Protein chains: 2
Amino acid sequence: MQLERQLRKAGFRVTRARRVVAAALATAGRPLSPAEVLAAARRGHPGLGRATVYRTLNLLVRVGLVVPRPGPGGVRYSLASEGMHRLVCRNCGAERLLADCPAGGLAEELARRYGFQVEGHLLEFYGLCPDCRRRAKP
Amino acid sequence: MQLERQLRKAGFRVTRARRVVAAALATAGRPLSPAEVLAAARRGHPGLGRATVYRTLNLLVRVGLVVPRPGPGGVRYSLASEGMHRLVCRNCGAERLLADCPAGGLAEELARRYGFQVEGHLLEFYGLCPDCRRRAKP
DNA sequence: AGTTAGTTGAGACATTGTATCATTTAGGGT
DNA sequence: ACCCTAAATGATACAATGTCTCAACTAACT
Ligand SMILES: [Zn+2]
Ligand SMILES: [Zn+2]
Ligand SMILES: [Zn+2]
Ligand SMILES: [Zn+2]
């Protein structure tokens, strides 16, 4: 499984807390706030502590499995594998996922130029959703 | 000036607090945390309140002048006009700005397809910086 | 199974963000 | 230039979010 490999490769242990947090993000299918992660993860692990959720989210980010995203109402976390291309309304926060991506081929180019090992990317377009656009007319 | 136009267009007033917050972000040239914004902005407005900084940052985001970005140690804000293309190290948070962009031409396409009015975009590549890459080898 | 260092959970604590409200101020009308 | 009014501010109290410490627990190796 993805989680196990990523953790082991970086020298961390595979624990119940980490499994249940990753699972929460995976089944949610949308970005979650730390509080939401805690709530969801506790269904599979009632005694889970708040501090552990924060520690775990930070760890999963460092390991490359999870990505933090800002938004109205704080940072949210999602698996690095889903929803990395989207339209987001700067006014109301509405989001819309995109299918295709124009940035795919740049990884090698960037590795060569900067010595960076590129593993993924985030492409967000900011603007106004149809609703906010209409409302902003007058 | 950019700030004035954006605020007026959306029906908000142009105040000293808003000017000084925007100026802080502009002169910093890098993403700032709310606390840093407060400190910087107080140089030009000693009595500035903490609550006002939060209110103002949220407003400037809604108006499209400022973009929030997550990172190790919380959300940071920067002008929407600078540094929207970067490499960021998932492990240590190091960043590196990019010059060119493969996503420029998609705005009209997206407007047509989704009714979204695209005003800007953020393209971030995640991975390991040269240092973390080396350290992760063994 | 035994050993041990990484990890956890509880709770105190610190920081960050929000709500309330009296006071001030931007901006349009006169 | 002066009023007027609604918007905005700053102080303060409060709530939420995030961090630290430490004794107890457990994953992983032998
Ligand atoms: Zn919207
Ligand atoms: Zn892509
Ligand atoms: Zn790094
Ligand atoms: Zn671009």
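Every chain is numbered from 1 and lettered A, B, ... according to where its sequence line falls, protein lines coming before strand lines. Remember, it's a predicted structure, so these values are computed and weren't measured experimentally. Values below: all heavy atoms of this structure, side chains included; hydrogens, waters and symmetry mates excluded.
- Of all nucleotides listed (dT19(D), dT9(D), dG9(C)), dT9(D) comes nearest to the side chain of T52(B).
- Heavy atoms of G47(A) sit under 4.0 angstrom from primed sugar atoms or phosphate atoms, though from no base atom.
- Among residues two or more places apart in sequence or in another chain, the salt bridge (charged side-chain N to carboxylate O under 4.0 Å, His left out) test is passed with R76(B) by E36(B).
- Within residues 23-46 of chain B, the residues having any heavy atom under 4.0 Å from DNA chain D are, by residue number, H45(B).
- Listed for the R90(A) side chain is no donor-acceptor partner under 3.5 Å among the backbone atoms of G127(A).
- Across all strands, A51(B) comes closer than 4.0 Å to base atoms (heavy-atom distances).
- Counting only distance, with no hydrogens or angles, the side chain of R62(B) and the backbone of N91(A) share a donor-acceptor pair below 3.5 Å.
- Per the geometry, CZ belonging to R76(A) stands 14 Å off C1' belonging to dA16(D), to the nearest Å.
- The distance from atom CG of L123(A) to atom CG of L98(A), rounded to the nearest 0.5 Å, is 7.5 Å.
- Evaluation of the side chain to side chain contact (heavy atoms under 4.5 Å, CB included) rule for Q117(B) yields L128(A), R133(A), E119(B) as partners, not counting sequence neighbours.
- Between the side chain of R55(A) and the base of dG9(C), a donor-acceptor pair under 3.5 Å is found.
- Between the CG atom of L48(B) and the P atom of dA8(D) there is a distance of 15 Å, rounded to whole Å.
- Where V75(B) and L59(A) meet DNA chain C, the nucleotide closest to each residue was compared, and L59(A) sits on the side nearer the 5' end.
- Legend: residues meeting salt bridge (charged side-chain N to carboxylate O under 4.0 Å, His left out) with E4(B), ordered by chain and number and at least two apart, are R8(B).
- Atom CG in L57(B) sits roughly 12 Å away from atom P in dT9(D) (whole-Å rounding).
- When the side-chain hydrogen bond (donor to acceptor under 3.5 Å, both in side chains) test is applied to R19(A), no partner is found at least two apart in sequence or on another chain.
- For R50(A) against dG11(C), a side-chain-to-base donor-acceptor contact under 3.5 Å is absent.
- Per the geometry, CG belonging to L7(B) stands 15 Å off C1' belonging to dT9(D), to the nearest Å.
- The side-chain hydrogen bond (donor to acceptor under 3.5 Å, both in side chains) check on S78(B) picks up nothing, with sequence neighbours excluded.
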Kindly list each side-chain donor-acceptor pair under 3.5 angstrom involving residues 103-115 of chain A, sequence neighbours excluded, with atom names and distances?
{"from": "E109(A)", "atom 1": "OE1", "to": "R112(A)", "atom 2": "NH2", "distance (Å)": "3.4"}
{"from": "E109(A)", "atom 1": "OE2", "to": "R113(A)", "atom 2": "NH1", "distance (Å)": "2.4"}

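- Contacts classified as ring-ring contact (aromatic ring centres under 6.0 Å, His included) and involving residues 44-101 of chain B (residues at least two apart or in different chains) are given here: H85(B)-H121(B).
- Scanning for side chain to side chain contact (heavy atoms under 4.5 Å, CB included) contacts around T15(B) gives R13(B), A17(B), R18(B), with sequence neighbours left out.
- One axis for each end of the helix from dA1(C)-dT30(D) to dT30(C)-dA1(D), each built from five base pairs, and the angle between them comes to 60° at 10° resolution.
- Rounded to an integer number of Å, the gap from CG of L3(A) to C1' of dA27(D) is 14 Å.
- Listed pair Y54(B) / dG17(C) meets the phosphate criterion, a side-chain N or O lying under 4.0 Å from OP1 or OP2.
- Applying the salt bridge (charged side-chain N to carboxylate O under 4.0 Å, His left out) criterion to R50(A), with sequence neighbours excluded, gives no partner residue.
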Q | Summary of protein contacts for nucleotides 22-30 of chain C, nucleotide by nucleotide, where a base hit scores B, a sugar-phosphate-only hit scores S (4.0 Å, heavy atoms) | A | ---BBS---
